[in-house]
Amino acid sequence: MGYRIAVIGGDGIGPEVVTEALKVVKATGIDVHTSDFDLGGARYQRDGEVLSDATLDELRGFDAILLGAVGTPDVPPGVIERGLLLKLRFELDLYVNVRPFVGPGHDFVVVRENTEGPYVGEGGVLRRGTPHEVATQGSVNTRMGVERCVRFAFALANGRSRRHVTLVHKTNVLTFAGDLWQRVFDVVAAELPAVETAYHHVDAASIYFVTDPGRYEVIVTDNLFGDILTDLGGAVSGGIGLASSANLNPARTGPSMFEPVHGSAPDIVGTGTANPMAAILSAAMMLDFLGEPQAAARIRAACVGPVSGSTSFVGDEIASRVAG
Ligand code: IPM
Ligand code: MN
């Protein structure tokens with residue numbers, strides 16, 4: 001009866017790029033049944049729903065979620081990001097965010113921890129708006145959360161040609177969290193001696209991303225470093241318009257979610273200039289995870305040659321290459 005895919009177009013260019021990604025998925029001939037979920041800034045402004053428990057429960061029943069982008073200048077920052085995107089990542093236990101970067105001179109993948117770090121919302125504010133205002137926002141790192149992410153990265157590296165994994169952190173300053181990450185990394189490394197390891201501080205890693213990305217095969221890092229590094233990864237490896245991602249629940253206790261790395265780009269909405277490639281490649285990651293590696297490989301192959309034109313032209317062109 002085919003795969004049941006929940007589609008959240010979201011805000012800005014999200015719906016535009018997701019339309020093209022679905023066009024390409026359908027061109028593979030894989031049987032997918034899509035259900036649209038009207039979520040994001042416009043929905044919030046209409047009736048106040050960001051993501052209700054009922055909607056969340058409904059989403060749990062799907063095989064995968066394909067998401068465009070969230071966030072709009074019409075709603076204060078954080079409402080949709082925290083209430084929709086991060087809620088999905090946390091509630092569905094999408095504990096790794098896998099972000100591959102492939103382009104001339106680039107072939108590495110960032111495994112970003114996706115449920116902890118400064119993203120959990122620990123902290124608060126006192127005396128807001130006064131000269132004595134205090135704001136704290138802690139980074140939460142659990143042994144379990146770090147370990148499952150690090151294990152995922154090692155397993156991924158073990159299946160790749162160089163078998164190389166780099167931990168990126170800031171152990172020289174973040175001596176509590178960094179120490180936990182380093183010790184867990186070392187324990188897993190000792191279990192898998194076939195995998196070669198390296199460690200870079202995040203500031204140095206951002207130099208190497210630009211000057212010597214060939215150092216990397218698999219990078220494992222925390223939620224916030226991973227967020228920042230993957231925008232940089234997109235920028236250096238062909239543009240953020242190509243950067244795809246998979247928010248995975250590797251235990252498969254629920255659906256995983258696939259989304260481009262880029263944001264909602266409200267400045268170009270409706271212009272037909274959004275590049276759907278990142279969404280299309282995210283859909284390929286979805287097919288891979290669903291157990292359709294051949295269809296996924298066909299999509300990736302179709303995305304190799306340059307295509308220029310409007311959002312829908314690019315989608316049509318890739319879809320026709322895939323349909324072959
Ligand atoms: C990303 C985005 C999100 C993040 C935002 C929209 C909350 O930047 O997926 O990289 O910070 O994780
Ligand atoms: Mn980001």
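For this chain, numbers begin at 1 and follow the sequence in order. In listed order, ligands and their atoms are each counted from 1.
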Give the numbers and elements of all ligand 1 atoms closer than 4.0 Å to a heavy atom of Glu81. 6 (C), 7 (C)

Give a yes/no verdict on whether any heavy atom in Arg99 is under 4.0 Å from an atom of ligand 1. yes

Could you check whether [Y] and [X], counting side-chain N and O atoms only, form a donor-acceptor pair closer than 3.5 Å?
X      : Y      : answer
Ser320 : Asp316 : no
Glu20  : Thr311 : no
Asp93  : Asn249 : no

Please report whether ligand 1 has a polar contact with Asn97, defined as an N or O pair separated by less than 3.5 Å (distance criterion only). no

Please confirm whether Tyr119 comes within less than 3.5 Å of ligand 1 when only nitrogen or oxygen atoms on both sides are compared. yes

Just by modelled atom types, is the Tyr216 backbone N or O under 3.5 Å from a matching donor or acceptor in the Arg162 side chain? yes

Tell me if a side-chain donor or acceptor on Glu147 pairs with a main-chain N or O of Val184 at a distance below 3.5 Å. no

Are Tyr3 and His33 an aromatic pair, judged by ring center distance below 6.0 Å? no

Heavy-atom contacts under 4.0 Å between Arg89 and ligand 1: side chain, backbone, both, or neither? side chain

Just to confirm my output: which protein heavy-atom neighbour is closest to atom 8 (O) of ligand 1, and how far is it? Asp227 OD1, 3.3 Å

of all protein heavy atoms, closest to atom 3 (C) of ligand 1 is Leu85 CD2, 3.9 Å

Heteroatom N/O/S of Asp227 within less than 2.8 Å of the Mn ion (ligand 2): yes

